[in-house]
Amino acid sequence: MTYDHFFSAAVARLHEEQRYRVFADLERIAGRFPHATWRSPNGPRPVVIWCSNDYLGMGQHPKTPWMLTRLLRPTQGSGGRARA
């Protein structure tokens with residue numbers, strides 16, 4: 001049994017109801033928060049993004065990569081205790 005017809009009909013219904021989501025092709029620019037480039041069907045266009053999970057810009061903060069590397073660094077020893 002194939003479900004192709006079922007899924008095609010469901011997607012067609014979403015289109016008819018104008019609920020089919022199309023995600024914007026956005027290119028964030030490092031160090032330029034909240035500015036980005038939208039790769040629209042009519043060509044690239046500068047935009048300002050205020051609705052991302054990084055609305056405070058902490059992904060651009062200089063301490064963020066440093067802290068991530070410290071957190072992801074393997075620990076030494078066993079039992080959760082680091083040795084000097």
Side-chain angles (χ1 to χ4, degrees):
M1 174 177 204
T2 65
Y3 293 96
D4 292 340
H5 178 70
F6 172 78
F7 289 117
S8 295
V11 170
R13 239 182 354 265
L14 290 173
H15 278 284
E16 289 169 11
E17 297 168 357
Q18 297 182 347
R19 294 190 306 130
Y20 185 81
R21 290 185 69 177
V22 178
F23 293 93
D25 186 5
L26 298 171
E27 177 184 332
R28 292 181 59 191
I29 303 164
R32 298 241 7 248
F33 174 82
H35 300 278
T37 301
W38 173 34
R39 303 286 175 191
S40 78
N42 298 324
R45 186 174 137 192
V47 293
V48 176
I49 302 175
W50 291 111
C51 57
S52 74
N53 288 338
D54 191 21
Y55 62 92
L56 294 176
M58 292 308 292
Q60 303 288 320
H61 194 281
K63 287 189 178 178
T64 301
W66 175 82
M67 184 55 75
L68 285 173
T69 56
R70 285 186 49 96
L71 291 172
L72 297 174
R73 186 175 49 197
T75 58
Q76 298 174 355
S78 61
R81 183 171 179 225
R83 297 182 191 152

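In this text the structure is predicted, and so the values were computed from the model without any measurement.
Applying the side chain to side chain donor-acceptor pair (under 3.5 Å) test to R32 and every residue at least two apart in sequence or in another chain returns nothing. By the side chain to side chain contact (heavy atoms under 4.5 Å, CB included) test, V48 pairs with P34, H35, W50, sequence neighbours left out. Considering only residues two or more places apart in sequence or on other chains, R21 meets the side chain to side chain contact (heavy atoms under 4.5 Å, CB included) condition with F23.
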Distance-only donor-acceptor hits, side chain of residues 8-18, under 3.5 Å, sequence neighbours excluded:
residue : atom : partner : partner atom : Å
S8      : OG   : D4      : O            : 2.8
E17     : OE1  : R19     : NE           : 2.7
E17     : OE1  : R19     : NH2          : 2.8

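When every heavy atom of L26 is checked against every heavy atom of V47, the shortest pair comes out as CD2-CG2, 4.1 Å.
When hydrophobic side chains of Ile, Leu, Val, Met, Phe, Trp and Tyr are connected at separations under 4.5 Å, W66 ends up clustered with M67, L71.
The salt bridge (charged side-chain N to carboxylate O under 4.0 Å, His left out) contacts involving residues 34-51 comprise E27-R39, where partners must be two or more places apart or lie in separate chains.
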